[in-house]
Structures are given as structure tokens and as C-alpha cells.
S.K.: 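Take a look at the following structure, please.
Note: hydrogens, waters and symmetry copies are ignored here, and every other heavy atom, side chains too, is used. Per chain, numbering begins at 1; letters A, B, ... match sequence-line order.
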Protein chains: 2
Amino acid sequence: MAITLKEVAERAGVSRSAVSRTYTDGASVSPKTRKKVEKAAKELGYSPNALASSLTTGRTKLIGLISNNFHNPLFLEVFDLFTRRLQEKGLRPLLVNLTDETDPEHSLRMLKQYSVDGVIVASSTLLPEFAKAFHDAKIPVVHSFGRFASAPDVHVVGVDNVECGRMAARTLLARGYKHIGFLGGPKGATSTIDRRAGFMEVIGQAKGIKVKVSNAAAYSFEAGRAAMLKELKASPAEAYFCGDDVMSIGALSAIESAGLAAPEDIGIIGLNDMEMAKWENINLTTIRQPIKQIVDSSVELVIAALEDRYRHPEARLFSCQVMERGTLRPL
Amino acid sequence: MAITLKEVAERAGVSRSAVSRTYTDGASVSPKTRKKVEKAAKELGYSPNALASSLTTGRTKLIGLISNNFHNPLFLEVFDLFTRRLQEKGLRPLLVNLTDETDPEHSLRMLKQYSVDGVIVASSTLLPEFAKAFHDAKIPVVHSFGRFASAPDVHVVGVDNVECGRMAARTLLARGYKHIGFLGGPKGATSTIDRRAGFMEVIGQAKGIKVKVSNAAAYSFEAGRAAMLKELKASPAEAYFCGDDVMSIGALSAIESAGLAAPEDIGIIGLNDMEMAKWENINLTTIRQPIKQIVDSSVELVIAALEDRYRHPEARLFSCQVMERGTLRPL
DNA sequence: ATTAAGATTGCAACCGGTTGCAAAAATTGT
DNA sequence: ACAATTTTTGCAACCGGTTGCAATCTTAAT
């Protein structure tokens, strides 16, 4: 196997404690022994076993990164940001794919077995059993991209979806659309519910506006396309706020298939601002979620929670921003 | 902290070994004690500490999953498949983002510190220093989506890029294109080099065919678009084999911007067959890499290499397949 | 009932580190 | 040069498990 502390100690002619202390900051070692140890370590190619040390220190520096969004391109960007940020902070992401087929119980047990220091759930919904299990085990959980106050015993970082809904509605109204559609994601999704609430609130305050509400079966291209095709058969609205960017692209494809165009015939505003939204052939007007900030803040929060296990659950909400592009008629 | 083996032993009235053995398969425990232990464990909510046990068994069941492809949507699918497959096999992916800015040395040390059992590098290129470092540490490495024989001391699973090039060329020739373009990825990329070789080989054997070769700056939408815009200024070919699907979509966008259409004015064939390629508004004819097979095979191979550290480096190549869609003129 | 073979059990040492404590060494002050 | 401090060091116990070994208990066979 690999070189161990003991071997380094022997070669350096010091005790094992001395070696250990050279690699523990804040420990007392004279420059002389440190030098000797470092020399021996280099010669042997020693690197300390993080797992063994975790046994006594109680810190693995492992963070469970849990998600079920393995089909939304936005999450590739999110994973990129998370892995980098965690690496920068000296933490290691243990990735868990929590897709429907996979057993949550199992993932849970697994994360406990590996004694992760903390958990980041990057998903719009968080299973309550999950939150509870980690809470019981005193493992900090941050729900990233989560719903504010959905689970009171968990830190949450994300956007205010109600406000996103309002923002979408205001944007459409400002452009003079009178017949407006809300084409949401799956009916039960909390994100959909919240956005719809904000959306309807603003529309309700305006005069002479007609609204249509419908839902796609999933946050996916296919579902967005199917939903829009259905809309086009009945009398469609002039512009739609779509559940997310992927759905929006599906909707755009439906519009195109019907021989229509955006924004000339139907306007679309999406949500997320994933990288693809600014591709010239898509050029989607959308509401941007500040994913970098959400990620950075999530990591910061999980670290803070690590240091103070009894820290009060906290919600951090970031504001979104309309990205003007080409799928809504101009102001 | 969490419940330990000792506490379970006390409550069950047996020795620590007995408890340990209940959770080690193949160990000798009577049904009676097993029952007692399991009862006590349940009551206490015990789950064994995988890290502590790794200390003696020398197996962490941690697999380093290293990639630098955090901008190619195909890799979201790849990560999905990898995480699921590894989970199914009882292994845990420790994700490492090896983007240019991040220090490879650092990642390397990290993976050693966490004593990963094996490493899967999901990237078209593998730094030789990486391969060597793991080889020295006797940690099996599988280079997934790698180049055959690029590094002789490493297992590799992927496709034969030379054959992909040939396939692309044959496909274009079969459709009667006479002026053909190879619009590759970055010049130095081995994948580009290999595909080009196969492509030119077939073209060279055909009669009366004109070829143009050019390279995009990266496997990205922007680069693909820029490269195609440039092509369109000079006399473009009738059809192009593009470096990958993302580049192809960029190229399509350029064609559209120029007021032209695929396949009427210019044909495009891509490579990868990422999910998006079959979206109706893209409908890209492309060469499919069997990513599920590559992933499954990679996981299987890393497991095999785990069991036999002296297993001979092996290359597993899968064949690709043309996916007929709408960006090439029909046969 | 007696014995040999097989299964089960606990002891104790070990995996690769960390850390409290007391002894030893170095430093300071006079 | 000597005592009082401060720093550095090694010992030994511990973190949470595993495992070889010898002792004990079962079971089967005579």
C-alpha cells in the first residue's frame, strides 16, 4: 500500500506524533524537526491518509452533493460551479444521483456511512424524510435551488419564485400583451405553484387582461413542445411565460412547426437563462437565476453550518433579472 | 457522534467482533447472534462507518470521477449514467472537476489522500502525469471516452475515432456530395486528428471529390458558428462533417443566419448524438456514440481492475452508428 | 456416551492517523 | 550559573472498525 506516517517517522528519526504534527496546522513542531520530516516525506512520497485522520478529528471534508436534475442542461453549469467552489474550499463532492428509480433510503444510508460533513441538495424539491434524517444525525443540510420555508429545519438558498412570477407578468404587461399565458411545469411542483401565484397576483391587478393557465407534464423539451402544440390548437395567447428554458425551447419548436414565429406571432419568456438561451438560433428572452451566487452562497452556508451545528436555519434569496433577447416583442 | 459498533455490542451482549461479523459477508455468525445484533442495531440506529472499515480492508469503494467536460451537454448524460451505474455497483463517485484553471497536481494528491479504489477519467485527453501517478500508486485508471493506445499503461474505453471519420465520409459520399468539408474541433485534439485521418482515408479513395479542411477553436457552439461563418464567406462545401453536435448546432445557426438552410443549401453531420440532437427544431443527422455502453463498460472494467491490480491494460472500443435525421440530403 | 470435525465466539493486535499529558529541551531573566 | 518559563517531544490511549488465532460450543458419527 501507500507510505504511512510510521515509515516517515522512522526515516526522519522522530516520533509518529512529530510527523502528525507537521501536517496539522496549529500544532507545535520546531522548524528543525519539521524540516527533517518534510525531507523524509518527500523522499518517500508520503501523503497523509485523510480518511484515517477523519476518524479522530471527526471531519471528512466530504460533502454530499445530491441532485435529481440530470436532464436539465442548467445543472451541468451548476455542477461545474459546485465542484469548483467546493474544491477551492478544500471540500470534496460525493455525488449522489437521486433519480426516481434510485432508492432515497439507500442514498441516505450511504451518506451516513461515509460520514459526510454536510450535504447540499441541488434540486427544487427536498424529500422531508431526507431533511429529517440528516437533522437527526446532526449533519448540516443546505437546500440549494429550494423553496423558501418549505422545510423549516433546513438552510435554503435560491430565488423567490413568487417574485419571478411577478417579474414575468410585469414584463409581459409592459410589452402590451393583453392575452397572456402561463405555461407552467408539472402542476405539483412547488416552483410552478409559487411562480403561478406571483404571476396571477400581478395579472389580477391589471385591467382588461385575459389569462390562460396550463401545465406541461415535465420540465422538458418534449413536454414544452407538446403543451404548446396543444395551446396552438385552441386559441393561443399572445405571449407565454414558460416553466423554464428547456420547456421554452420546446414551445418555440412547436411554434415553428406550426409555421408561426416568435415574437411575431407568439411571444415567449423563459426562466433560468441557461447557457443555451443565448445561442443565436434560440435567442430566448428569459429570467436569469443567478446560479453562481446561489452556488457560492450554498457552499459558504454549508461551511458556516459545519462550524456551528446549532446555527439557525437560514434562507438566502437572490433576485432574478430579465434577460432581453429575441422572443418577446420589444418594449 | 453517531452510534458505534461498541455500543451495539454492549446492548446486544456480544463481542465487538460479533457485530463486525454480522456486517461482513462471508463471516461466520450464528443466526442467533445475528438476530440479537440486528435488533440492537435497529434500536440504536446503527450504520457501520465505511471509512473506518476501509482502514483495515484497504477498500474505500470510492471511485474518483474526473472530468473537464463541464460545458458539453453530452456529459450531463454521461454523469447521469456514471453515477447511477456506480451506485448500482455499490461504489461512490468522488467528483473532480479538472478544468484548466484547476491544478491537476492538487486533484491528484487529493485523490490519493482519500484513497480512492480506482479512477475513471471521462475526458478525451488524459494527462500523462496523471496516468503515471496512479500507475505508480497502483490505483487502477480507466480512461473513458479516450483514445485507443494513447497511453499504454491505462485501460481505455471508447470509440474508434478513425472509424468514425470513415463512417462520416462514407455517409457523405453515399449521398452524392462531391464537395465535402471536414470542420474539426481544435487542431491538437487527438479525437480531431483521428477522425480526420479516417475521413481523409475514405475520401482519398473516392474519385473526383473535392475536400476542404478547417478547425474550430473549441468544441463549442460559438466556435462552431464562427468557423461556419468563415466557411460561408469563402466558397463553402456542399456538406460538412462537424467535430461534435454542439459545434454542429453552432454551424447550423450560422447557416440559418446567412439565410441558407440545411440540408437544402449545406448538409451537416455531427457526432455524439446528444439528447438535444433529436429535438425537432434541431433534428441533426449525427453519428451516435454509444455512451451507455461506454459508461457501463468503464465501470465494469474499473471493477475488474480493482480485483486484479495486475490486469493487463485493455482497450474496449465500441462502434458508432449514423442517426439519420434532417440535416443531410436523403440517400 | 464418546469422540472427531466443524461452526461460532471473544481476545487482542492492528489499520493510519490524532491528541492529552508529562518529561525533556530550549529560552528567558537575574 | 541557576531558577522559572515556555516550547518541543514522545508515550500511550484512542478513533471505529477488522481479523488471525485459540478456545468454546455444536453437531454428527460411531
S.K.: Short of 4.0 Å, heavy atom to strand atom, which residues of residues 15-25 of chain B count as contacting DNA chain C?
M.R.: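 Going residue by residue through residues 15-25 of chain B, the ones with a heavy atom under 4.0 Å of DNA chain C turn out to be B/S15, B/S17, B/A18, B/R21.
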S.K.: Out of the candidates B/L95, B/L126, B/L111, B/V141, only one should pair with B/I66 under the side-chain contact (heavy atoms from CB on, under 4.5 Å) rule; please name it.
M.R.: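 With B/I66 as partner, side-chain contact (heavy atoms from CB on, under 4.5 Å) holds for just one option, B/L111.
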S.K.: What is the separation between atom CD on A/E10 and atom C1' on C/dG17, rounded to the nearest whole Å?
M.R.: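 So the two atoms are 15 Å apart, to the nearest Å.
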S.K.: Taking only the side-chain nitrogens and oxygens of A/Y46, find out if one of them lies under 4.0 Å from OP1 or OP2 of C/dG17.
M.R.: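 Yes, within the criterion.
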S.K.: Which nucleotide wins on minimum distance to the side chain of B/V14, given the candidates D/dT18, C/dG10, C/dT9?
M.R.: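 Closest of the options to the side chain of B/V14: C/dG10.
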S.K.: Should the pair A/F75 and A/F79 be assigned to parallel (<30°), tilted (30 to 60°) or perpendicular (>60°) ring geometry?
M.R.: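 Answer is perpendicular, since the angle exceeds 60°.
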S.K.: Within less than 4.0 Å of OP1 or OP2 of D/dT9, is there a side-chain N or O belonging to A/S30?
M.R.: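 True: A/S30 side-chain N/O within range (under 4.0 Å) of D/dT9 OP1/OP2.
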S.K.: In whole Å, I'd like the distance from the OH atom of A/Y114 to the P atom of D/dG17.
M.R.: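 For the pair A/Y114 OH and D/dG17 P, the rounded distance is 13 Å.
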S.K.: Please pick, from C/dG10, C/dT18, D/dT18, the nucleotide with the shortest atom-to-atom distance to any side-chain atom of B/S53.
M.R.: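 That would be D/dT18.
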S.K.: If I take atom CG in residue B/L51 and atom P in nucleotide D/dT18, what distance separates them, rounded to the nearest angstrom?
M.R.: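 Rounded to whole Å, this separation is 12 Å.
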S.K.: With sequence neighbours excluded, what pairs up with A/T56 under the side-chain hydrogen bond (donor to acceptor under 3.5 Å, both in side chains) test?
M.R.: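 By the side-chain hydrogen bond (donor to acceptor under 3.5 Å, both in side chains) rule, A/T56 matches no residue at all.
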S.K.: Among pairs that include at least one residue of residues 113-142 of chain A, which meet salt bridge (charged side-chain N to carboxylate O under 4.0 Å, His left out), considering only residues two or more places apart or in two chains?
M.R.: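 Checked against salt bridge (charged side-chain N to carboxylate O under 4.0 Å, His left out) - neighbours excluded - the pairs reaching residues 113-142 of chain A are A/K132-A/D136.
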S.K.: Rounding to an integer number of Å, can you tell me how far B/K36 NZ sits from C/dT9 P?
M.R.: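 Checked: the NZ to P distance equals 8 Å.
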S.K.: A/K32 or B/R34: which one's nearest nucleotide on DNA chain C is closer to the 5' end?
M.R.: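 Looking at the nearest nucleotide for each, B/R34 comes out on the 5' side.
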S.K.: Could you check which of C/dG17, D/dT8, D/dG17 has an atom nearest any side-chain atom of A/N49?
M.R.: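 It is C/dG17.
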S.K.: Round to the nearest Å and state the distance from A/Q113 atom CD to D/dT18 atom P.
M.R.: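 Computing the A/Q113:CD to D/dT18:P distance gives 11 Å.
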S.K.: Respond yes when some side-chain nitrogen or oxygen of B/T56 is under 4.0 Å from OP1 or OP2 of D/dT18, and no when none is.
M.R.: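 For B/T56, the contact criterion (side-chain N or O under 4.0 Å from OP1 or OP2 of D/dT18) is not met.
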S.K.: Which whole-number value in Å describes the distance from B/K6 NZ to C/dC11 P?
M.R.: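 Atom-to-atom, B/K6 to C/dC11, this comes out as 13 Å.
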S.K.: Using side-chain hydrogen bond (donor to acceptor under 3.5 Å, both in side chains) as the criterion, list what pairs up with B/E300, not counting sequence neighbours.
M.R.: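 So B/E300 forms a side-chain hydrogen bond (donor to acceptor under 3.5 Å, both in side chains) with B/R316.
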S.K.: Tell me every residue that passes side-chain hydrogen bond (donor to acceptor under 3.5 Å, both in side chains) with A/D296, counting only those two or more places apart in sequence or in another chain.
M.R.: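 So A/D296 forms a side-chain hydrogen bond (donor to acceptor under 3.5 Å, both in side chains) with A/R85, A/K292.
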S.K.: Output yes when at least one side-chain N/O atom of B/T33 is less than 4.0 Å from OP1 or OP2 of C/dT9, else no.
M.R.: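 True: B/T33 side-chain N/O within range (under 4.0 Å) of C/dT9 OP1/OP2.
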S.K.: Identify, with sequence neighbours excluded, every residue that meets side-chain hydrogen bond (donor to acceptor under 3.5 Å, both in side chains) alongside B/N49.
M.R.: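 Not a single residue meets the side-chain hydrogen bond (donor to acceptor under 3.5 Å, both in side chains) criterion with B/N49.
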S.K.: Give the rounded distance in Å between these two atoms: CG of A/L55 and P of C/dC14.
M.R.: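 Going from A/L55 (CG) to C/dC14 (P), I get 17 Å.
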